[in-house]
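Take a look at the structure below.
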2 protein chains.
Amino acid sequence: MRVTTHDPLERTEITFLLGMAFQLVLGEFVGRLDAAGYDDLRPVHGLVFQALGGAGATSSELAEQLGVTKQAAGQIIDDLERRCYVERQAHPAGGRRKLVVLTDRARTHLAVAGQTLHELEERLAAQLREVGLEMPRAELAAMIRALAGDSVPPLRPVW
Amino acid sequence: MRVTTHDPLERTEITFLLGMAFQLVLGEFVGRLDAAGYDDLRPVHGLVFQALGGAGATSSELAEQLGVTKQAAGQIIDDLERRCYVERQAHPAGGRRKLVVLTDRARTHLAVAGQTLHELEERLAAQLREVGLEMPRAELAAMIRALAGDSVPPLRPVW
DNA sequence: ATCGGTAGTAAAGCAACTTTACTTGGGAGG
DNA sequence: CCTCCCAAGTAAAGTTGCTTTACTACCGAT
């Protein structure tokens, strides 16, 4: 007996599926953080917090990690500083350098966001297991390596 | 004997892997189209061409498909019309409506882009098979269904 | 002493949108 | 008919998140 209901997703290009899946997962993630009171932070701010998470960084270092100009990084830092998520300190190495570090407010966000993301991914993994599938971690990693080799570029807005 | 070189991608969240994979595939796709002489077209233009591919559409219909305001759709159409990729015709249903249809120039692009994308995805699939993996089509489709149900929203820039 | 390189900042420019506000053509109801 | 309203389309200004251009400040080396 032939299945007559064709799933439109079965004929959709892998590239579209990747984009849709990423957009939906990120949207769900951002939505949960908004609901948790972080509606003043965009995904890029999470990347900033991750980059500064350890001992902080200079704005130029941050710019390189984000894949933007140092002026853009400076603007993001200005904004986050005004809203008390980061602070500019004198850099131990001296010079004109300034060390940008996270406030406790940002570290709290980082913890909440990490927890939220893992819960979301765990729920997704469970839903896939229900239909006999696993999360395609190895497949995605292989695609990334095939296209980027060992040097993975920064995650940027897609178009 | 224990493997000592941990692949950083193995510890990376699925969400990041999705984003990286999409960004890299789309970047490769756009790069190939640029090289083929289509450096004046962005991904959104491809979506427009797909939406108008059959019998055309009105700018409001296009706006809904793209998930933007009708003014934004109008601006995109203005631009594409100036560059002879689309034409505004009188709409058979009359009224203020105008039917936006593709020129041959756009249909050629659509064919080239489709071919390019399939070649790219086929090469990727082959590279995955070399390491014993398959393209994660079912997994991505399951993730999309888990998050969007049956109503898949338009593909938009991600942040 | 000054030269050059790097960090940071300031200001203007730009692309791709949204928001606000208007115009126009065509029914539907009275 | 007439008018009232709605949907399609357009115009213009505003917004966002960057880049480009241009500058200042600090340092170490020659």
Side-chain angles (χ1 to χ4, degrees), chain A residues 23 26-27 30 34 39-48 51-52 55-83 85-101 153-159, chain B residues 23 26-27 30 34 39-48 51-52 55-83 85-101 153-159:
Chain A
Q23 174 175 310
L26 189 65
V30 170
D34 283 1
D39 59 321
D40 59 337
L41 293 174
R42 291 177 298 123
V44 68
H45 298 131
L47 296 181
V48 170
L52 303 180
T58 66
S59 63
S60 294
E61 289 163 357
L62 181 61
E64 186 168 5
Q65 277 239 348
L66 295 180
V68 299
T69 59
K70 58 184 183 172
Q71 291 89 332
Q75 289 169 18
I76 294 170
I77 293 168
D78 285 347
D79 173 42
L80 289 174
E81 191 172 35
R82 240 177 280 120
R83 287 153 49 199
Y85 283 108
V86 306
E87 283 173 10
R88 283 180 168 98
Q89 296 181 348
H91 197 286
R96 281 203 86 185
R97 280 176 221 186
K98 294 176 186 173
L99 188 64
V100 184
V101 298
L155 194 52
R156 295 286 318 274
V158 181
W159 74 73
Chain B
Q23 173 174 311
L26 189 64
V30 170
D34 284 1
D39 59 320
D40 58 338
L41 294 174
R42 292 177 297 123
V44 69
H45 298 130
L47 296 181
V48 170
L52 301 181
T58 67
S59 63
S60 294
E61 288 163 359
L62 182 62
E64 187 168 3
Q65 277 238 348
L66 295 180
V68 299
T69 61
K70 58 183 183 173
Q71 291 88 335
Q75 289 171 17
I76 294 171
I77 293 168
D78 284 347
D79 174 42
L80 289 175
E81 191 172 34
R82 238 177 282 119
R83 285 151 52 200
Y85 283 108
V86 305
E87 283 173 10
R88 283 180 168 100
Q89 297 181 346
H91 197 286
R96 280 205 86 185
R97 282 176 219 183
K98 294 175 186 174
L99 188 63
V100 185
V101 297
L155 194 53
R156 295 286 318 273
V158 182
W159 76 73

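Source: prediction; values computed, not measured. Hydrogens, waters and symmetry mates are skipped; everything else that's a heavy atom, side chains included, is used. Lettering follows sequence order; numbering is per chain, from 1.
Counting heavy atoms from C-beta outward, A:Arg83 and A:Leu41 have side chains that approach closer than 4.5 Å. In this structure, B:Asp79 and B:His45 have side chains that are in contact, with non-hydrogen atoms separated by less than 4.5 Å. Taking the side chain as every heavy atom from C-beta outward, B:Leu52 and B:Tyr85 never approach each other to under 4.5 Å. Between B:Leu62 and B:Ile77 the shortest side-chain heavy-atom distance falls below 4.5 Å.
To the nearest 0.5 Å, atom CG of residue A:Leu80 and atom CD1 of residue A:Ile76 are 7.5 Å apart.
Across all strands shown, B:Thr69 has heavy atoms under 4.0 Å from base atoms, whether or not it also approaches the sugar-phosphate. Across all strands, A:Lys70 comes closer than 4.0 Å to base atoms (heavy-atom distances). A:Gly74 comes within 4.0 angstrom of nothing in the nucleic acid, heavy atoms only. The residue B:Ser59 sits close only to the backbone: its heavy atoms come under 4.0 Å of sugar-phosphate atoms, none of a base.
One atom, CD of A:Glu61, and another, P of C:dA7, lie 8 Å apart when rounded to the nearest Å. Rounded to an integer number of Å, the gap from B:Lys98 NZ to C:dT24 P is 12 Å. Regarding B:Asp78, its CG atom lies at a distance of 14 Å from the P atom of C:dC17, rounded to whole Å. As rounded to whole Å, 11 Å separates atom P of C:dA16 from atom CG of B:Leu80. What separates CG of B:Leu41 from P of C:dA15 is a distance of 16 Å, to the nearest Å. In this entry the distance linking CD of A:Gln89 with P of C:dA7 reads 19 Å, nearest Å. The nearest whole Å value for the distance from the NE2 atom in A:His91 to the P atom in C:dT6 is 16 Å. Computed from coordinates, the A:Arg97 CZ to C:dG8 C1' distance equals 12 Å when rounded to whole Å.
In terms of phosphate contacts, A:Arg88 brings a side-chain nitrogen or oxygen within less than 4.0 Å of OP1 or OP2 of C:dT9. A close approach under 4.0 Å does occur between a side-chain nitrogen or oxygen of B:Arg42 and OP1 or OP2 of C:dA16.
Side-chain atoms of B:Gln75 come within donor-acceptor range of the base of C:dT18, with a qualifying N/O pair under 3.5 Å.
Looking only at distances, a side-chain donor or acceptor of A:Gln23 sits under 3.5 Å from a matching main-chain atom of B:Pro154.
Comparing A:Val68 and A:Arg96 against DNA chain D, the residue whose closest nucleotide sits nearer the 5' end is A:Val68.
In the 5' to 3' direction, nucleotides of DNA chain D lying under 4.0 Å from heavy atoms of chain B begin and end at D:dA8 to D:dA11.
Of all nucleotides listed (C:dT9, C:dG8, C:dT18), C:dT9 comes nearest to the side chain of A:Gln71.
Closest of all the heavy-atom pairs between A:Lys98 and A:Arg88 is CD-CD, 4.0 Å.
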